[in-house]
Undergrad: 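Got a structure for you, questions after.
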Amino acid sequence: MNNQLGSTFYQSEDVVILAKRLLGKKIVSSVKGIITAGLIVETEAYKAPEDRASHAYGNRRTHRTSTMFEQGGKAYIYRCYGIHHLFNVVTAPEGVAHAILIRAIEPIENVDTMLSRRKMSKVTPNLTNGPGKWTVAMGITVDYNGISLIDKQSPVQIFSYPDITDDKILASPRVGVDYAGECALWPWRFRIKDNIWSGK
DNA sequence: CACCGGATTGGCT
DNA sequence: GCCAATCCGGTGT
């Protein structure tokens with residue numbers, strides 16, 4: 001019940017299904033010997049080649065997108081607006097560029113460290129309720145792009161927890177992808193209903 | 001090599 | 001609600 005997710009999980013289903021199944025799973029970082037952890041409460045699926053919102057739209061293979069084409073179970077991390085570090089879980093077999101953006105977590109371990117990294121004094125949802133916020137709280141940067149999430153020694157690991165049932169999942173269009181035409185309407189953003197730690 | 005713009009956030013009006 | 005921050009990836013010259 002509390003085991004690290006293995007290679008099979010990341011290739012077992014379509015990325016849209018896996019984006020829902022990642023909800024409620026535990027994500028742990030170990031940065032310079034400091035461990036922080038949270039539960040995944042908000043995700044978005046990105047599915048190349050047909051998804052215009054994906055960096056790998058049309059199977060565009062560049063230096064940046066190459067991580068997304070690797071075998072499922074790696075981390076695709078990129079810099080957004082020159083400032084923020086956004087973390088994705090790569091899924092599917094090698095050559096298929098599917099990824100899941102983790103947009104929010106519920107902090108559960110070493111919250112003091114998270115507060116200090118975010119330069120905050122009080123615990124509020126603002127601590128981890130955005131894709132550029134929780135990576136700061138957990139000490140994750142683009143330096144980790146391409147790392148394995150399956151390896152037992154990895155600085156970022158994801159652990160099995162019971163799936164959240166569909167009746168407790170809220171599906172809606174993805175955030176900030178207006179440029180993607182009709183793909184912007186696809187309801188591939190998933191949140192745990194009534195969870196205060198997911199975004200608005 | 002120049003230009004355009006972004007899977008966001010936080011501060012200020 | 002508006003907008004600056006900040007920098008690099010992708011594209012075309």
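Residue numbering restarts at 1 for every chain, and letters A, B, ... go by the order of the sequence lines. Please read these numbers as outputs of a predicted model, since none were measured by experiment.
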Undergrad: Indicate yes or no: does Lys47(A) engage Asp14(A) in a salt bridge with an N to O separation below 4.0 Å.
TA: yes

Undergrad: I'd like to know if the side chain of Arg189(A) pairs up with that of Thr43(A) as donor and acceptor (distance under 3.5 Å, no hydrogens or angles considered).
TA: no

Undergrad: Name the nucleic acid region contacted by Arg52(A), choosing base, sugar-phosphate or nothing; use a 4.0 angstrom heavy-atom cut-off, strictly under.
TA: nothing

Undergrad: So for His55(A) and dA7(B), does any side-chain atom that can act as donor or acceptor lie under 3.5 Å from a complementary atom in the base?
TA: yes

Undergrad: Rounded to the nearest Å, what distance is computed from the CD1 atom of residue Ile83(A) to the C1' atom of nucleotide dG5(B)?
TA: 13 Å

Undergrad: My understanding is that a pair needs two contacts under 3.5 Å, Watson-Crick or G-U wobble. By that rule, which nucleotide pairs with dT6(C)?
TA: none

Undergrad: Classify the nucleic acid contact of Asn126(A) as base, sugar-phosphate or nothing, counting any heavy atom under 4.0 Å across all strands shown.
TA: sugar-phosphate

Undergrad: May I ask you to verify if any side-chain N or O of Thr62(A) is less than 4.0 angstrom from the OP1 or OP2 atom of dG9(C)?
TA: no

Undergrad: Distance check needed: dT9(B) P versus His84(A) NE2, whole Å only.
TA: 6 Å

Undergrad: When we call it a touch if two heavy atoms are under 4.0 Å apart, what does Leu86(A) touch: a base, just sugar-phosphate, or nothing?
TA: sugar-phosphate

Undergrad: Tell me what Arg64(A) touches on the nucleic acid: a base, only sugar-phosphate, or nothing, going by heavy atoms under 4.0 Å.
TA: sugar-phosphate

Undergrad: Please state how far atom CG in Leu127(A) lies from atom P in dG10(B), giving the value in whole angstrom units.
TA: 10 Å

Undergrad: Taking NZ, NE, NH1 and NH2 as the nitrogens, is one of them in Glu182(A) or Arg52(A) under 4.0 Å from a carboxylate oxygen of the other?
TA: no

Undergrad: Respond yes when some side-chain nitrogen or oxygen of Tyr81(A) is under 4.0 Å from OP1 or OP2 of dA7(B), and no when none is.
TA: no

Undergrad: So, is Arg189(A) near the phosphate of dA7(B), with a side-chain N or O under 4.0 Å from OP1 or OP2?
TA: no

Undergrad: Do you know which of Lys20(A), Arg103(A), Lys133(A), Lys200(A) makes salt bridge (charged side-chain N to carboxylate O under 4.0 Å, His left out) with Glu42(A)?
TA: Arg103(A)

Undergrad: Does a side-chain N or O of Arg79(A) approach OP1 or OP2 of dT9(B) to a distance below 4.0 Å, or not?
TA: no

Undergrad: Do the side chains of Lys193(A) and Asp167(A) get close enough for a salt bridge, i.e. N-O under 4.0 angstrom?
TA: no

Undergrad: If I take atom CD in residue Glu42(A) and atom P in nucleotide dT8(B), what distance separates them, rounded to the nearest angstrom?
TA: 10 Å

Undergrad: Please give, in whole Å, the distance from dG6(B) P to Asn88(A) CG?
TA: 18 Å

Undergrad: What is the distance, rounded to the nearest whole Å, between atom CH2 of Trp188(A) and atom P of dA7(B)?
TA: 16 Å

Undergrad: Expressed in angstrom and rounded to an integer, what is the separation of Leu101(A) atom CG from dT8(B) atom C1'?
TA: 11 Å

Undergrad: Round to a whole Å and report the spacing from CD1 of Ile77(A) to C1' of dT8(B).
TA: 16 Å

Undergrad: In terms of side-chain heavy atoms of Lys133(A), which of dG10(B), dG10(C), dT8(B) is nearest?
TA: dG10(B)

